[in-house]
Trainee: 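Here's a structure for you.
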There are 2 protein chains.
Amino acid sequence: MATSNMSALSLFLDRLLRRSVLSAEEQGAILNLRSHAFQAEGRSDIVSPGQKVDHACLVVDGLVGRFDQMAADGRRQTTAFHLPGDMCDLHSVVAPVAGWGIEAIATSTVLHIPHRDLRALATSYPAIALAFWRDTTADASILGKWVSNVGRRNAPARTAHLVCEIGIRMEQAGLGERTRYTFAATQVQLADALGLTPVHVNRTLQALRADGLLRIEQRMVHVDDWDRLAVLAEFDPEYLLIEHLPEQRAA
Amino acid sequence: MATSNMSALSLFLDRLLRRSVLSAEEQGAILNLRSHAFQAEGRSDIVSPGQKVDHACLVVDGLVGRFDQMAADGRRQTTAFHLPGDMCDLHSVVAPVAGWGIEAIATSTVLHIPHRDLRALATSYPAIALAFWRDTTADASILGKWVSNVGRRNAPARTAHLVCEIGIRMEQAGLGERTRYTFAATQVQLADALGLTPVHVNRTLQALRADGLLRIEQRMVHVDDWDRLAVLAEFDPEYLLIEHLPEQRAA
DNA sequence: CGCCTGCTTGAGATCATTCAAATCGTGTGG
DNA sequence: CCACACGATTTGAATGATCTCAAGCAGGCG
């Protein structure tokens, strides 16, 4: 089990190493985590809202989203997209009762990793605890931008900002170029993420396409003019770049 | 310095202990943190966007907000309110370059605490590292709700939800009752938090008042009908209640 | 072919913004 | 005590953005 999932875990390790320094022993400990692979259909819930979980989910393949759901009429707000290599609810290690749900946007493969093991690792290796904390913080940083995106940008700028963000993250993760990457969300799912109506997302995408900024075809984003798109979005990628700490680099 | 700020630090310790179990030694280590008190005028920025900081800010008194600012026209989106006892940028310990800013909503007292010391504590005491991580996660949980609030609720429900959230948090922190607490934000600042226009906030508050749900008078929130307000807001306080972990309670 | 899902279109209603101005309260200086 | 300035709240009217509802279209698949 652990051996077959090694390469998937190394995706996660890569992500950690992008932000933190870990010793060979610490890296080995992460690669040897017990895990259990799991396949999820597109448009299915992996974790339902309010469910108590005893494992974290590492996205191996596909696209996964975190969402909050309104009790009254079931309308959803997606609060995060998770690409392969992301541990989509690492924070659940310290807060196992989720107020949110996790859904597979497209058909996806995820790895279940027991909280107990992750917590043991964090307790034994202070550097790993800090690395986990930093990883969670990176997600929180994205979440903060998501708030201002939904709260303060109109539909075209908001959509453009999301496309820019995912582009940079795909590129960082080595899964495509910022101007060309696969992104399997339907317009309905996009609407859930943008805090808009599917109809309005449709018209907005048409406008962006007509402006020569971007096209979404065959579940693939093509950015035709990155610079103008970034200007429209008021996109500054700084929030996606959490640097290594000086003393960590020195160590 | 440390002695005079002890009681302020104990506010923060209280907050940590609400979610995590810490030994006497660990508690002592937190109370003995070096710190430097600092007074901030209302409507002034404590940390400007993009500034690199080497200390975290513990709110002692007043009201503080985290915000994201648009480069083009300077309009702001507040992404979090921090009440006394909150360490408003604990995450900056692991991500010192902020994409956001911190502003004093009202005149406030904050304690500056060096990152170096907090990091040392997290490294020496695994339980403290986990406690810090959990504290950051609690803020992230609130942030997630903030996204769905701004993205999926109309102005009255959105405003109601914020009032409910702050009410519960004030109560948890022992700073008031959920139906009656001081809240020093002006309508302009409220608009920044709600992703609305000040004018629209004004009309929304009038509507809520006319419905007999709440009044804001003299910088004080009076909830006249909590139950109906919670229904309108579709408010479920679960996301604010991060429980102690079973193994922590046992230890 | 028939069905399903996702995408597209139209028209009207609703929500929220904009801009401009009036009002109110508080504190300050004359 | 009054005049004034300032920030905060309130109001009105017009505009614009987004939503709702309802229907039509296109492609993939059994």
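Lettering follows sequence order; numbering is per chain, from 1.
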Trainee: I'd like a table of atom pairs between the protein and nucleotides 15-20 of chain C - only N or O on both sides, under 3.5 Å - with the distance next to each one.
Mentor:
from, atom 1, to, atom 2, distance (Å)
C/dA16, OP1, B/A155, N, 3.1
C/dA16, OP2, B/H200, NE2, 3.2
C/dA16, O5', B/H200, NE2, 3.4
C/dT17, OP2, B/T197, N, 3.1
C/dT17, OP2, B/T197, OG1, 3.3
C/dT17, O5', B/T197, OG1, 3.0
C/dT18, O4, B/R203, NH2, 3.4

Trainee: Do you know the tightest heavy-atom contact between A/H200 and A/L196?
Mentor: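 It is CD2-CD2, 4.1 Å.
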Trainee: Name all pairs fulfilling the salt bridge (Lys or Arg N to Asp or Glu O under 4.0 Å) condition that reach into residues 35-45 of chain A, sequence neighbours left out, sorted by first residue then second.
Mentor: A/D45-A/R76
Trainee: A/Q189 has an atom CD; how far is it from atom P of C/dT5, in whole Å?
Mentor: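 So the two atoms are 13 Å apart, to the nearest Å.
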Trainee: Classify the ring geometry of A/H91 against A/W100: parallel below 30°, tilted from 30° to 60°, perpendicular beyond 60°.
Mentor: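 If you compare the ring of A/H91 with that of A/W100, the planes turn out perpendicular.
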Trainee: If I take atom CG in residue A/N202 and atom P in nucleotide D/dC21, what distance separates them, rounded to the nearest angstrom?
Mentor: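 Distance, rounded to whole Å: 18 Å.
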Trainee: Looking at D/dT9, I'd like to know if its phosphate oxygens (OP1 or OP2) sit under 4.0 Å from a side-chain N or O belonging to B/Q206.
Mentor: no
Trainee: On the 0 to 90° scale, with breaks at 30° and 60°, tag the A/F81-A/F183 ring pair as parallel, tilted or perpendicular.
Mentor: perpendicular
Trainee: May I have the distance from A/R43 (atom CZ) to C/dC4 (atom P), rounded to whole angstrom?
Mentor: 14 Å
Trainee: Once you round to the nearest 0.5 Å, how far does NE2 of B/H112 lie from CD1 of B/I46?
Mentor: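 It comes to 6.5 Å.
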Trainee: Mind calculating the distance between CD (A/Q218) and P (C/dG6) to the nearest angstrom?
Mentor: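 Spelled out: CD on A/Q218 to P on C/dG6 is 15 Å.
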Trainee: C/dC24 C1' sits how many Å from B/E217 CD, rounded?
Mentor: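 The answer, rounded to whole Å, is 15 Å.
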Trainee: Once you apply a heavy-atom cut-off of 4.0 Å, does B/R209 come out as touching a base, just sugar-phosphate, or nothing?
Mentor: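 If one applies the 4.0 Å heavy-atom cut-off, B/R209 turns out to touch the sugar-phosphate alone, with no base involved.
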Trainee: Just report the end-to-end axis angle for the helix from C/dT8-D/dA23 to C/dG30-D/dC1, five pairs per end, to 10 degrees.
Mentor: 30°
Trainee: Can you tell me the distance, in whole Å, between the CD atom of A/Q187 and the P atom of C/dG6?
Mentor: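 Atom CD in A/Q187 sits about 11 Å away from atom P in C/dG6.
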Trainee: Measure up the B/H161 and B/Y239 rings against each other and bin them: parallel (under 30°), tilted (30 to 60°), perpendicular (over 60°).
Mentor: parallel
Trainee: Less than 4.0 angstrom from a charged side-chain N to a carboxylate O is my criterion; do A/R15 and A/D135 meet it?
Mentor: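 Result for this pair is yes, salt bridge flagged.
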Trainee: Just the rounded figure in Å: distance from C1' of C/dC7 to CE of A/M220.
Mentor: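 After rounding, the gap between these two atoms is 19 Å.
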Trainee: A/R219 CZ to C/dG6 P: how many Å, rounded?
Mentor: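 About 7 Å, once rounded to whole Å.
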Trainee: For the pair A/T107 (side chain) and A/G42 (backbone), establish whether a donor and an acceptor sit closer than 3.5 Å, ignoring hydrogens and angles.
Mentor: yes
Trainee: Can you tell whether the side chains of A/E234 and A/R152 come within less than 4.0 Å, N to carboxylate O?
Mentor: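 A salt bridge is absent here (no side-chain N lies under 4.0 Å from a carboxylate O).
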